[in-house]
2 protein chains.
Amino acid sequence: MPDELEGRSKNDLATTAAELYYLQDWKMEDIGKKLNLSRSSVSRLLETARNRGIVEFRINRPSDRSNNLAEQLKSKYSISANVIEVFENSTADERLEIVGAETAKKLGNFFRPGITIGLAWGSTISSVSRHMHNYRVANSTVVQLNGAGNDHSTGISYSGEILNQFGQSLGANVVHFPVPAFFDDPAAKQVMWKERSTKRILDIQSRIDLAIFGLGRIDSEVPSQVYQAGYLGKSDLDDLNAEQVVGDIATVFFRSDGSWRDIGLNNRSSGPGLDQLKRTPKRVCVASGIAKIEALRGAIAGGYITDLFIDDLTAEKLLENSN
Amino acid sequence: MPDELEGRSKNDLATTAAELYYLQDWKMEDIGKKLNLSRSSVSRLLETARNRGIVEFRINRPSDRSNNLAEQLKSKYSISANVIEVFENSTADERLEIVGAETAKKLGNFFRPGITIGLAWGSTISSVSRHMHNYRVANSTVVQLNGAGNDHSTGISYSGEILNQFGQSLGANVVHFPVPAFFDDPAAKQVMWKERSTKRILDIQSRIDLAIFGLGRIDSEVPSQVYQAGYLGKSDLDDLNAEQVVGDIATVFFRSDGSWRDIGLNNRSSGPGLDQLKRTPKRVCVASGIAKIEALRGAIAGGYITDLFIDDLTAEKLLENSN
DNA sequence: ATGAATTCTGCACATATGTGCAATAATCAA
DNA sequence: TTGATTATTGCACATATGTGCAGAATTCAT
């Protein structure tokens with residue numbers, strides 16, 4: 001045992017090796033370099049870890065319930081669903097955290113070297129970003145899909161936190177989008193969209209492999225963040241109600257049939273047109289809580305979702321009134 | 001997908017494959033044969049299982065406390081100890097079950113193809129046997145160390161259950177020892193020990209690679225099983241007290257300094273002499289509960305233990321008065 | 001302190017697992 | 001129904017991991 005390892009017990013070493021190997025997918029060769037041991041010594045350390053119960057293999061058998069729900073969502077809507085079971089009587093916040101954490105765990109399935117990911121900010125994706133694992137995806141890029149500036153701030157701090165957490169998780173190149181969520185004047189948007197710096201970001205957005213988004217919703221009880229806090233005025237909200245808007249993806253609004261083009265406010269939004277979104281190969285939506293049902297139905301009707309992370313109750317509700 | 005797999009969801013298949021691979025150490029080739037798939041399909045099923053969270057890797061970092069206790073036991077007594085942390089306020093029965101289960105999990109470390117294991121019956125080893133994993137050790141043998149017959153029964157049913165559970169776990173050849181725990185007359189023991197059928201078993205016992213035993217104890221509050229239930233009469237117990245016996249291993253009694261030879265009752269016991277036990281390469285003792293302290297001290301003083309599975313509280317107690 | 005016994009370590013080979021690729025099967029859209 | 005697209009599968013090769021063996025290091029007993 002080399003000098004620098006003295007004082008570290010075998011259990012300690014075995015635990016470190018096990019964490020790197022099983023939780024972070026390191027190769028034994030690389031762990032050996034880090035611990036100043038040979039590859040075969042690492043193999044034996046891992047055996048020790050397994051033998052001593054330091055490593056434990058758990059099998060979480062998916063319940064029939066979540067399996068069935070996922071299958072029904074697949075056959076009815078052609079959506080690949082991950083149904084996340086949450087304990088009963090949980091608050092909406094608790095549910096959001098659990099869905100965020102489970103989503104973060106499984107998002108790695110979509111990551112490939114060289115991938116470009118488009119990210120829409122919001123409270124759901126914020127929850128996911130807080131739980132992101134250490135994925136390390138070579139040559140990856142994370143680009144913000146919609147600006148976050150409003151009356152009170154550039155929004156960079158808020159959306160930037162979400163972007164940076166993803167960027168850190170993947171070791172990705174992070175591309176912020178420092179424009180308002182909504183322009184006051186559609187003409188101002190046209191002008192900005194001609195700027196080379198903006199065009200560069202729009203170009204990246206147009207070529208993303210994977211979009212990750214939550215859903216904003218517009219019922220009058222507890223509106224999503226975009227409908228408050230300096231993003232939209234009262235007359236804007238009245239317009240949205242008049243247009244029968246049920247929700248938004250990346251600050252682009254849509255109705256319950258998925259239509260979005262002729263909604264006036266979309267001309268001022270910095271988010272991508274939903275036709276462009278539909279051209280993205282994989283479109284991952286994260287939805288937590290039955291308050292999202294109407295927005296979810298509109299997004300499904302519009303065909304904007306390929307993959308869905310959803311809690312069990314919301315999945316049930318979604319399937320309930322679908323006959 | 002072959003016909004016979006229809007109706008089984010991918011999650012179901014992935015779960016089965018994961019259980020066989022991670023919990024029962026099956027090779028992918030063999031799992032493929034069982035599921036009628038190729039080896040590489042199994043590899044992909046396992047990847048699916050990992051990606052979907054069906055398999056979960058847990059790292060149980062050993063606490064400093066149990067590490068420290070184990071280290072102290074090692075340096076003070078030259079015993080390799082596994083300290084098992086049990087939740088506070090547990091009953092003695094709960095503690096015994098947890099220690100039994102954890103011991104069963106880790107016993108596999110001692111198993112090698114061709115191994116011969118000597119087993120002493122008792123309530124502690126009964127707990128271990130109830131939790132034994134499916135180990136499958138080629139060419140293994142499990143031999144009973146001490147007879148279990150008493151006034152009321154041959155003891156085969158009780159000790160046989162323990163033996164058979166070990167035998168099933170290892171896929172081992174099981175050798176029962178159908179004699180009384182204690183003969184009435186030492187001369188009867190001498191006669192039986194000349195019988196060829198008995199000699200054959202004694203020969204196997206003399207060559208065991210690993211002995212597994214609990215400790216009987218002889219305080220007057222809650223005596224171990226061997227001191228009641230038709231094994232010993234009142235005068236026997238008086239004799240044991242007069243001899244200052246603190247406990248027994250496989251129904252062979254010893255004092256607090258480990259001495260055992262000149263204890264009269266040992267001439268009638270069917271258990272192996274403790275000198276012979278000492279010649280066994282690995283001697284695993286399982287001890288749960290501080291009521292075992294005096295017996296444990298005697299066994300340690302006699303040098304009968306190489307490896308110890310012990311609960312945290314008992315370990316603390318053992319180290320406490322050792323200055 | 002010394003010799004015996006046991007444990008640890010890396011090398012080299014054996015074995016197990018990962019994965020690109022092409023063919024096939026299943027799914028989707030018109 | 002048909003053609004296009006996507007997913008699945010096994011083969012064959014590449015890569016990762018397991019482990020026997022001999023030498024070195026450590027521990028144990030005297």
Side-chain angles (χ1 to χ4, degrees), chain A residues 1-6 8-11 13-14 17-18 20-22 24-33 35-51 55 71 73-80 109-110 112-113 209 278-283 303 305-307, chain B residues 1-6 8-11 13-14 17-18 20-22 24-33 35-52 55 71 74-80 109-110 112-114 138 209 278-283 303 305-307:
Chain A
M1 184 84 58
D3 280 350
E4 60 191 280
L5 297 179
E6 292 200 3
R8 294 192 68 179
S9 71
K10 192 164 177 182
N11 274 356
L13 282 176
L20 291 173
Y21 185 75
Y22 286 107
Q24 302 195 25
D25 226 21
W26 282 39
K27 302 289 186 294
M28 291 184 187
E29 180 91 45
D30 296 327
I31 296 169
K33 283 174 190 154
L35 299 180
N36 212 21
L37 296 168
S38 74
R39 197 269 314 152
S40 68
S41 289
V42 173
S43 178
R44 293 184 179 112
L45 263 189
L46 293 175
E47 184 183 32
T48 295
R50 292 191 295 270
N51 287 344
V55 178
E71 274 164 32
L73 288 171
K74 178 72 177 181
S75 58
K76 187 153 297 286
Y77 299 120
S78 297
I79 291 176
S80 184
N109 296 342
F110 295 92
R112 302 286 179 269
D209 305 299
K278 267 185 88 172
R279 289 198 291 270
T280 304
K282 287 281 184 183
R283 308 178 297 274
I305 299 171
T306 58
D307 297 84
Chain B
M1 183 87 56
D3 282 350
E4 60 189 278
L5 297 179
E6 290 199 6
R8 293 192 70 179
S9 71
K10 191 165 177 183
N11 274 356
L13 282 175
L20 292 173
Y21 185 75
Y22 285 106
Q24 301 195 27
D25 226 19
W26 281 38
K27 302 290 186 293
M28 291 184 187
E29 180 90 45
D30 297 329
I31 296 169
K33 283 175 189 155
L35 299 181
N36 213 20
L37 297 168
S38 74
R39 196 271 313 151
S40 67
S41 291
V42 173
S43 179
R44 292 182 180 115
L45 264 188
L46 293 176
E47 185 183 33
T48 296
R50 292 191 295 272
N51 289 343
R52 292 185 180 178
V55 178
E71 272 162 32
K74 178 73 177 181
S75 59
K76 188 153 294 285
Y77 300 119
S78 298
I79 291 178
S80 184
N109 296 342
F110 295 91
R112 301 286 180 269
D209 305 297
K278 267 185 89 170
R279 290 197 290 272
T280 303
K282 288 280 186 183
R283 310 178 297 272
I305 299 172
T306 57
D307 298 83

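Just so it is clear, the values below take in all heavy atoms, side chains as well, and ignore hydrogens, waters and symmetry mates.
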Estimated bend of the helix from C:dA1-D:dT30 to C:dA30-D:dT1 (axis per five terminal pairs, rounded to 10 degrees): 60°
Pairs under 3.5 Å (N/O, protein and nucleotides 11-13 of chain C):
{"unit_1": "C:dA12", "atom_1": "N6", "unit_2": "A:Arg39", "atom_2": "NH2", "d": "3.4"}

Rounded distance in Å - CD (B:Glu29) to P (D:dC11): 10 Å
Test item: B:Thr280 side-chain N/O and B:Asp209 main-chain N/O as donor-acceptor pair under 3.5 Å: no
Check: A:Asp307 and A:Phe110 side chains under 4.5 Å, non-hydrogen atoms: yes
Distance, rounded to the nearest Å, where B:Ile79 contributes CD1 and C:dT6 contributes C1': 18 Å
Any B:Lys10 side-chain nitrogen or oxygen under 4.0 Å from OP1 or OP2 of D:dA7: no
Interatomic distance where CG belongs to A:Leu46 and P belongs to C:dT17 [whole Å]: 15 Å
Whole angstrom value for the distance that separates P of D:dA14 from NZ of A:Lys27: 17 Å
Test item: A:Lys282 and A:Thr306 side chains (from C-beta on) under 4.5 Å apart, heavy atoms: yes
Nearest-Å distance for atom pair CG/P, residues B:Asn51 and C:dG18: 11 Å
Nearest-nucleotide comparison on DNA chain C, the residue closer to the 5′ end among B:Glu47 and A:Ser78: B:Glu47
Side chain to side chain donor-acceptor pair (under 3.5 Å) involving A:Ser41 - partner list, sequence neighbours excluded: A:Ser38
Length of the line joining A:Leu20:CG and D:dT17:C1', which is rounded to integer Å: 17 Å
Under-4.0 Å side-chain N/O to phosphate OP1/OP2 contact, A:Tyr21 with D:dT17: yes
A:Arg283 side chain vs A:Gly303 backbone, donor-acceptor pair below 3.5 Å: yes
Side chains of B:Leu45 and B:Lys10 in contact at under 4.5 Å (non-hydrogen atoms): yes
Between D:dG18 (P) and B:Met28 (CE): distance, integer Å: 11 Å
B:Arg50 side chain to B:Tyr22 side chain, donor-acceptor N/O pair below 3.5 angstrom: yes
Heavy-atom closest pair, residues A:Ala17 and A:Leu35: CB-CD1, 4.3 Å
Any B:Ser43 side-chain nitrogen or oxygen under 4.0 Å from OP1 or OP2 of C:dT17: no
Closest to side chain of B:Ser41, choosing from C:dT17, D:dG10, D:dC28: D:dG10
Close side-chain approach of A:Ser40 and A:Arg44, heavy atoms under 4.5 Å: yes
Between D:dT17 (C1') and A:Leu45 (CG): distance, integer Å: 14 Å
Phosphate-side-chain proximity, A:Lys74 and C:dT27, N/O vs OP1/OP2 below 4.0 Å: no
